[in-house]
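Here the structure comes first, spelled out in structure tokens, and everything after it is commentary.
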Amino acid sequence: QVQLVESGGGLVQPGGSLRLSCTASGFTLKYSTLGWLRQAPGKEREPISCISFDGSTYPGKAMSPRFTISRYLDNNTMYLQMNSLKVEDTGVYYCAADCTVIGGRIMGFGSWGQGTQVTVTP
């Protein structure tokens, strides 16, 4: 069973940046495709991107050129760097494990953490 803990969220002004972190643990973590999801207020949860154990990335609906996903297998840490943030980026961001990708499409996740709140407001 994989345990996931997100951190790094907070209150930021439009145009600002945030770096989210995910600390994960599990016996099969090294070979698991991890990812980030987010849920905006009143909206459905949407995938941002997945990243495999070899560093390959797979963008989801919420992915943006302003975002960068990275992974460090040695310390079981994954990051989501977000620049030039907009009000529309506001929401709860989740770290997820066991991302299923078929034909380059993100099909789903096995589990996710409690989430970290990101609020972009003037």
Side-chain angles (χ1 to χ4, degrees):
Q1 182 173 307
V2 177
Q3 295 184 9
L4 304 161
V5 181
E6 304 94 338
S7 63
L11 183 66
V12 65
Q13 295 180 341
S17 299
L18 283 175
R19 188 185 188 187
L20 306 184
S21 299
C22 171
T23 299
S25 61
F27 290 109
T28 61
L29 180 62
K30 181 180 180 180
Y31 307 102
S32 174
T33 298
L34 306 177
W36 289 96
L37 307 87
R38 74 178 184 184
Q39 185 171 19
K43 305 294 183 180
E44 297 182 350
R45 188 173 297 174
E46 297 180 336
I48 300 173
S49 182
C50 292
I51 181 168
S52 67
F53 68 92
D54 67 352
S56 299
T57 58
Y58 308 91
K61 183 179 180 180
M63 188 58 187
S64 169
R66 300 174 290 115
F67 300 165
T68 301
I69 187 172
S70 59
R71 180 177 180 176
Y72 299 89
L73 299 176
D74 58 338
N75 59 4
N76 299 323
T77 303
M78 180 177 62
Y79 301 100
L80 180 66
Q81 178 68 44
M82 301 187 292
N83 300 322
S84 302
L85 285 165
K86 304 176 180 179
V87 173
E88 293 75 23
D89 294 319
T90 294
V92 180
Y93 286 67
Y94 300 89
C95 174
D98 297 324
C99 175
T100 299
V101 179
I102 300 178
R105 298 169 53 201
I106 300 175
M107 305 302 294
F109 298 87
S111 62
W112 48 83
Q114 297 297 313
T116 183
Q117 178 69 44
V118 172
T119 302
V120 185
T121 180

Hey, what do you get for [atom1] ([X]) to [atom2] ([Y]), rounding to the nearest 0.5 Å?
{"X": "M107", "Y": "I102", "atom1": "CE", "atom2": "CD1", "answer": "5.0 Å"}
{"X": "D54", "Y": "T33", "atom1": "CG", "atom2": "OG1", "answer": "8.0 Å"}
{"X": "R38", "Y": "D89", "atom1": "CZ", "atom2": "CG", "answer": "5.0 Å"}
{"X": "T116", "Y": "L80", "atom1": "OG1", "atom2": "CG", "answer": "11.0 Å"}
{"X": "T68", "Y": "M82", "atom1": "OG1", "atom2": "CE", "answer": "11.0 Å"}
{"X": "F109", "Y": "L4", "atom1": "CZ", "atom2": "CG", "answer": "11.0 Å"}

* To do: Establish whether W112 and I106 are linked, either directly or via other cluster members, by ILVMFWY side-chain heavy-atom contacts under 4.5 Å.
  =>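 Per the 4.5 Å side-chain linkage, W112 and I106 are co-clustered.
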
* Under 6.0 Å from the CZ atom of R66, do we count more than 12 heavy atoms belonging to anything else shown? ->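 Enclosed: over 12 neighbouring heavy atoms sit under 6.0 Å from CZ of R66.
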
* Asked: Just wondering, are more than 12 heavy atoms of other shown residues or ligands nearer than 6.0 Å to CD in Q3?
  ->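 Count not over threshold, so no.
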
Is there a side-chain contact between [X] and [Y] (heavy atoms, below 4.5 Å)?
{"X": "M78", "Y": "I51", "value": "yes"}
{"X": "C22", "Y": "W36", "value": "yes"}
{"X": "L18", "Y": "Y93", "value": "no"}

Which pair of non-hydrogen atoms, one from [X] and one from [Y], has the smallest distance, and what is that distance?
{"X": "T57", "Y": "S49", "value": "CB-OG, 4.3 Å"}
{"X": "V101", "Y": "Y58", "value": "CG1-CD2, 3.7 Å"}
{"X": "Q81", "Y": "S17", "value": "NE2-CB, 4.0 Å"}
{"X": "R71", "Y": "F53", "value": "NH1-N, 3.4 Å"}
{"X": "A24", "Y": "V2", "value": "CB-CG1, 4.4 Å"}
{"X": "M63", "Y": "I48", "value": "CB-O, 3.0 Å"}

* Is there a donor-acceptor contact under 3.5 Å from the side chain of E6 to the main chain of C95? ->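 Judged by distance alone, yes, a pair lies under 3.5 Å.
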
* Determine the sole option in L11, T90, L20 for which the side chain to side chain contact (heavy atoms under 4.5 Å, CB included) test with V118 is passed. =>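 Testing each of L11, T90, L20 against V118, the sole residue satisfying side chain to side chain contact (heavy atoms under 4.5 Å, CB included) is L20.
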
* side-chain contact (heavy atoms from CB on, under 4.5 Å) partners of S7, counting only residues at least two apart ->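 For S7, the residues satisfying side-chain contact (heavy atoms from CB on, under 4.5 Å) (neighbours in sequence not counted) are S21.
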
